[in-house]
Visitor: 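Quick one: this structure, given as C-alpha cells, is what I'll be asking you about.
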There are 2 protein chains.
Amino acid sequence: MIDKKIKKSNERCALQEILSIIGGKWSMSIIYALFPGTRRFSELERLIPNINTRMLVKELKNMEANGIVSRKVFATVPPTVEYTLTTKGEKLEPIINELHKWGLEYVN
Amino acid sequence: MIDKKIKKSNERCALQEILSIIGGKWSMSIIYALFPGTRRFSELERLIPNINTRMLVKELKNMEANGIVSRKVFATVPPTVEYTLTTKGEKLEPIINELHKWGLEYVN
DNA sequence: GTAAGTACTTTCAAAAGTAAAGTAATGTAT
DNA sequence: ATACATTACTTTACTTTTGAAAGTACTTAC
C-alpha cells in the first residue's frame, strides 16, 4: 500500500520532470526538426515557423544541458554551430511521431 | 517538391496545435490522473501535487473545449463535478505512457 | 567603407503561471 | 442560533516566462 503510493508519486514526478525538459512550447518542434539529422542554428530558425531567436537559443541550451542534443562549434568565419540529437533524444522519435499522428487524426 | 514542402509545413503546424492543447505545464499530468477512470475536481486537486486551483480549472476547461475530457455536473450540495476522458483523450494513454517510460530510462 | 552572413544577446512589453483569499449553497455540531 | 465544514470554483495581486525587435562581434566580399 505504502509502496504503491510512493511509486505513484514518483511516477507523476517523473512526468513533471520530463515536461520540464521537453514540455516547452518549442522543444518538440526542435527535436522534430532534428530527426532527419544534424542542423545548423540558422537552419533550425528557418525550419521552425514563428520561433524567435531567443527561444531557440534557450531551448537548445536547455536540451543540451539535459543531454538531448549535442552542440558542435566550428571556428569558421562566419561561425558555424551544428546541433545533433543524442541517442537519448533519438529515442523520442517514435513518441513524437505517435503524438503527431494523434493530432492528425483528432485535432480539427 | 512543392507538395512535400506544404506537407512538411502542415506537419509542423499540427505539432504546434497539439502542444497548444496538451502542451501546457499541467495537461499531461491531468490526463495521466484520468487514465484509471472518472475523477472529481477535488480528487484531481489532491492527486496532482503542486497544481493550484486556478490552473486546474483553466486546463480542464481548455481540455473540455478541445474534446479531451467531458464534464458532468450533479446538483448535490455541496456540488459534485466529474471529469472523464473522452475517446480522443484515451487515445493519448499509450503515448503518455511511452513518454513516461522514456523519462524513467533517460531522466536522471 | 558599406553591406552581408552567422550565432547569438539585450531590452522591454505581453502573456502565462502562482499564491492566497473569497464566494455560494447547505448540512452538521455546539 | 451561530460557527464551522464541504465542494467547485472566482478573484485579485503578484512573479515568472515568453515574444518581438533591435543590437553585437567578427570577418569576408564588393
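Chain identifiers are assigned alphabetically (A, B, ...) following the order of the sequence lines, protein sequences preceding nucleic acid strands; residue numbering begins at 1 within each chain.
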Visitor: Taking for each residue the nucleotide of DNA chain C with the nearest heavy atom, is it B/W26 or A/E45 whose nucleotide lies nearer the 5' end?
Guide: A/E45
Visitor: With no hydrogens and no angle check, is any side-chain donor or acceptor of B/K88 less than 3.5 Å from a backbone partner on B/N66?
Guide: yes
Visitor: I need the CG-P distance between B/N50 and C/dA20, as an integer number of Å.
Guide: 12 Å
Visitor: Take atom CD of A/E59 and atom C1' of C/dC8, then tell me their distance rounded to the nearest Å.
Guide: 16 Å
Visitor: Between P on D/dT6 and CZ on B/F41, what's the gap in Å once rounded to a whole number?
Guide: 16 Å
Visitor: Within the structure, does a side-chain N or O atom of B/R71 lie under 4.0 Å from either OP1 or OP2 of D/dC9?
Guide: yes
Visitor: With DNA chain C as reference, determine whether B/P79 or A/V57 sits nearer its 5' end, using the nearest nucleotide of each.
Guide: A/V57
Visitor: Atom CG of B/L56 to atom C1' of C/dA19: distance rounded to whole Å?
Guide: 15 Å
Visitor: Over how many whole Å does the gap from B/R40 atom CZ to D/dA8 atom P extend?
Guide: 4 Å
Visitor: Does C/dT18 have its OP1 or OP2 closer than 4.0 Å to a side-chain nitrogen or oxygen of B/K25?
Guide: yes
Visitor: Tell me whether the OP1 or OP2 atom of D/dT11 has a side-chain N or O from B/R54 closer than 4.0 Å.
Guide: no
Visitor: Would you say the side chain of B/F41 lies within less than 4.5 Å of the side chain of B/V57, judging by non-hydrogen atoms?
Guide: yes
Visitor: Using a 4.0 Å heavy-atom cut-off across all strands, classify B/V77 as base, sugar-phosphate, or nothing.
Guide: sugar-phosphate
Visitor: Can you tell whether the side chains of B/K101 and B/E98 come within less than 4.0 Å, N to carboxylate O?
Guide: yes
Visitor: Whether the side chain of B/T80 engages the backbone of B/F74 through a donor-acceptor N/O pair (distance < 3.5 Å, no angle test) should be reported.
Guide: no
Visitor: In whole angstrom, what separates A/M55's CE from C/dT11's P?
Guide: 16 Å
Visitor: Considering every strand and a 4.0 Å limit on heavy-atom distances, what is the contact class for A/S42: base, sugar-phosphate, or nothing?
Guide: sugar-phosphate
Visitor: Could you state the atom-to-atom distance from CG of B/L47 to P of D/dA8 in whole Å?
Guide: 13 Å
Visitor: Give a yes or no on whether the backbone of B/E82 and the side-chain of B/T38 come within a donor-acceptor separation of less than 3.5 Å.
Guide: no
Visitor: Base, sugar-phosphate, or nothing: which does A/T80 touch, judged by heavy atoms less than 4.0 Å apart?
Guide: sugar-phosphate
Visitor: When all nucleic acid strands are considered with a 4.0 Å heavy-atom cut-off, which category describes A/F74: base, sugar-phosphate, or nothing?
Guide: nothing
Visitor: Side-chain N or O of B/K61 less than 4.0 angstrom from OP1 or OP2 on D/dT10?
Guide: yes
Visitor: Take atom CG of A/L60 and atom P of C/dC8, then tell me their distance rounded to the nearest Å.
Guide: 8 Å
